[in-house]
Amino acid sequence: MLDKYVIHGGNKLYGSVTIQTSKNATLPIMAASIIAKDKFKIFNPPKISDVNNMLLILNKLGAIIEEKDNYIQIDNTSLNNLKIDCKLSKTMRSSIFLLGALLNRFKFAIISAPGGCKIGKRPIDLHINSFKKLGVEVKTCGKQLYFNALNSHPAKIKLKLPSVGATENIIEFACTLKGKTTIKNAAREPEVVDLCNFLNLMGAKIYGAGSKTITIYGVDSLRGVKYTPISDRIVAGTIMIATAICGGKVCLKHANPEQNKKLIEILRLIGCKIETKCDIITISSDANLVSPKNILTGFYPNFPTDLQSMMLTLCCVLKGKTTVQESVFENRFLTVPALIKMGANIKQINKHKIVVNGVKSLYAARVKSTDLRGGAALILAGLVADGTTKVTNIKLVNRGYQNLHEMLNSLGACIKYE
Ligand code: EPZ
């Protein structure tokens with residue numbers, strides 16, 4: 001079974017790539033489609049394992065799925081099951097996004113408490129407390145959670161944290177709940193905005209998406225639509241950081257400069273040249289870059305936690321010292337041991353803070369992907385390390401990246417997938 005990237009380091013990157021559609025927009029949109037007893041076409045879905053898993057989950061709920069070359073047809077007319085397959089939901093946390101849509105459609109839902117993952121405990125207290133505020137009865141029986149929404153009602157919800165998943169679940173549930181529901185301290189991520197655009201196209205009345213306060217006026221019913229989700233800002237960020245690390249000049253098509261503002265700011269600060277025009281970003285780097293001094297992740301529009309691991313790899317080979325602070329998740333420095341094994345100079349201060357002193361170069365090693373974005377970060381380290389690096393457990397990277405090795409090889413990298 002294919003499982004590792006064998007990467008020959010040292011090549012600069014030149015050329016152009018088209019960025020895939022967003023994993024974190026496509027998954028909640030697929031989940032939300034079950035609200036309507038109708039047919040949907042989702043165009044250009046990313047060819048990644050998380051989307052395949054979501055299709056399997058929808059199919060087990062009774063959806064009829066047709067996969068064509070450039071779209072997926074989802075027919076939710078005869079959905080007949082409200083229990084999410086627990087084995088599948090274990091492999092993918094984003095199955096939690098189905099909860100709001102299932103409760104909307106069936107007024108009942110049963111889920112197995114989604115496991116945490118390597119980057120953190122990933123609790124769902126904000127989801128559960130929000131549903132309770134909306135009048136949903138929640139019962140726990142062993143590892144199963146039972147939800148009963150027969151007596152639900154609109155509510156004013158204030159989230160303790162601008163949780164993406166909790167914001168999306170509330171919106172999916174409340175969009176056909178008679179009356180006005182508001183979410184304060186809502187998540188502002190572009191993927192939340194894309195979900196709201198999708199639901200509004202279906203006939204929902206959702207206002208304020210992208211701001212801290214979202215207002216939802218419940219409508220009677222929603223209809224099936226054709227939709228193309230937004231481009232993946234984390235994949236675009238990964239390619240930009242790869243270019244900064246290796247040196248060269250890369251043009252990213254089907255990108256969104258506005259959604260990567262913070263990253264572009266930092267890459268310009270350290271010495272990259274970046275031009276943006278509509279949905280095109282062109283980045284060039286002579287790999288003679290200096291440290292940005294501080295990297296602090298936060299909720300959108302701050303620097304995204306999902307790019308922190310790749311940025312850490314870059315900081316390992318920049319001139320100077322960088323302090324990296326991860327404020328969103330409690331265990332997202334999983335690549336540190338592997339980077340040190342490759343010659344990086346990193347000191348972990350605590351679970352939210354590390355200090356990196358740039359080194360002249362990294363050297364090749366055999367390392368293992370620990371999580372989706374950590375795996376991508378180790379691949380970027382292999383691109384610049386002297387010698388041949390082996391990154392194993394690539395199935396984690398395939399959860400969110402559509403043939404990352406093909407994209408990088410098209411730019412001049414030398415990666416064998418075996
Ligand atoms: C989404 O996860 C993304 N996943 C994550 O991307 C992303 O890192 C995260 O948002 C933050 O931007 C998808 O969209 C599929 P959260 P989500 O709820 O919704 C705490 C990737 O690599 N929290 O915004 O699960 C939580 O522990 C993935 O593509 C609670 O305390 O994230 C975390 O510290 C990784 N209680 C913080 O909030 C809750 O009930 C942000 O989590 C929910 C969350």
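Note that ligands are numbered from 1 as they come in the structure, with each ligand's atoms numbered from 1 the same way. Residue numbers run from 1 in the order of the sequence given.
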Using a strict 4.0 Å cut-off to heavy atoms of [X], name the atoms of ligand 1 that fall inside it.
X: Lys23; result: 21 (C), 29 (O)
X: Phe329; result: 8 (O), 33 (C), 34 (O)
X: Gly165; result: 18 (O), 19 (O)
X: Ile124; result: 39 (C), 40 (O)
X: Leu372; result: 22 (O)
X: Thr305; result: 8 (O)
X: Arg122; result: 2 (O), 17 (P), 25 (O)

For [X] and ligand 1, does the shortest N/O to N/O distance drop below 3.5 Å?
X: Glu168; result: no
X: Phe299; result: no
X: Leu27; result: no
X: Arg373; result: yes
X: Asn24; result: yes
X: Phe97; result: no

Problem - Side-chain donor-acceptor pair present, Tyr300, Arg233, cut-off under 3.5 Å - result: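 Short answer, no.
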
Handout entry: Aromatic Tyr71 / basic Lys41 pairing, under 6.0 angstrom, 45° off normal
Key = yes

Would you give the length of the straight line joining atom [atom1] of [X] to atom [atom2] of [Y], rounded to the nearest 0.5 angstrom?
X: Lys133; Y: Leu159; atom1: NZ; atom2: CG; result: 8.0 Å
X: Ile340; Y: Ile346; atom1: CD1; atom2: CD1; result: 5.0 Å
X: Leu61; Y: Asn76; atom1: CG; atom2: CG; result: 9.0 Å
X: Leu102; Y: Phe97; atom1: CG; atom2: CZ; result: 13.5 Å

Kindly identify the option in [options] whose heavy atom sits closest to [atom].
atom: atom 43 (C) of ligand 1; options: Ser130, Ala376, Pro123, Ala166; result: Pro123
atom: atom 7 (C) of ligand 1; options: Leu161, Asp306, Val164; result: Asp306
atom: atom 36 (N) of ligand 1; options: Ile119, Asp125, Asn331; result: Asp125

Problem - Set of residues satisfying ring pair (Phe, Tyr, Trp, His ring centres under 6.0 Å) with respect to Tyr146, sequence neighbours excluded - result: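 Residues passing ring pair (Phe, Tyr, Trp, His ring centres under 6.0 Å) with Tyr146: none at all.
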
Problem - Neighbour count >12 (heavy atoms, 6.0 Å) for atom NZ, Lys390 - result: no

Problem - Lys253 atom NZ: more than 12 heavy-atom contacts under 6.0 Å - result: no

Problem - Sole residue of Lys353, Lys121, Lys351, Lys118 in salt bridge (Lys or Arg N to Asp or Glu O under 4.0 Å) with Glu330 - result: Lys121

Handout entry: Test item, His127 contacting ligand 1 (heavy atom, 4.0 angstrom)
Key =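 So His127 counts as touching ligand 1.
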
Exercise for the section: Would you kindly specify which portion of Val328 sits under 4.0 Å from ligand 1, judged on non-hydrogen atoms: side chain, backbone, both or neither? Expected result: both

Handout entry: Part of Arg332 with heavy atoms under 4.0 Å of ligand 1, whether side chain, backbone, both or neither
Key =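 Looking at Arg332 and ligand 1, just side chain atoms fall under 4.0 Å.
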
Exercise for the section: Decide, yes or no, whether a salt bridge links Asp125 with Lys132 under the criterion of side-chain N to carboxylate O below 4.0 Å. Expected result: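 No, this pair does not count.
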
Exercise for the section: Enumerate the residue pairs fulfilling ring pair (Phe, Tyr, Trp, His ring centres under 6.0 Å) with a member in residues 179-215, sequence neighbours excluded, ordered by first and then second residue. Expected result: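 Sorted pair list: Phe40-Phe198, Phe198-Tyr227, Tyr207-Tyr217.
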
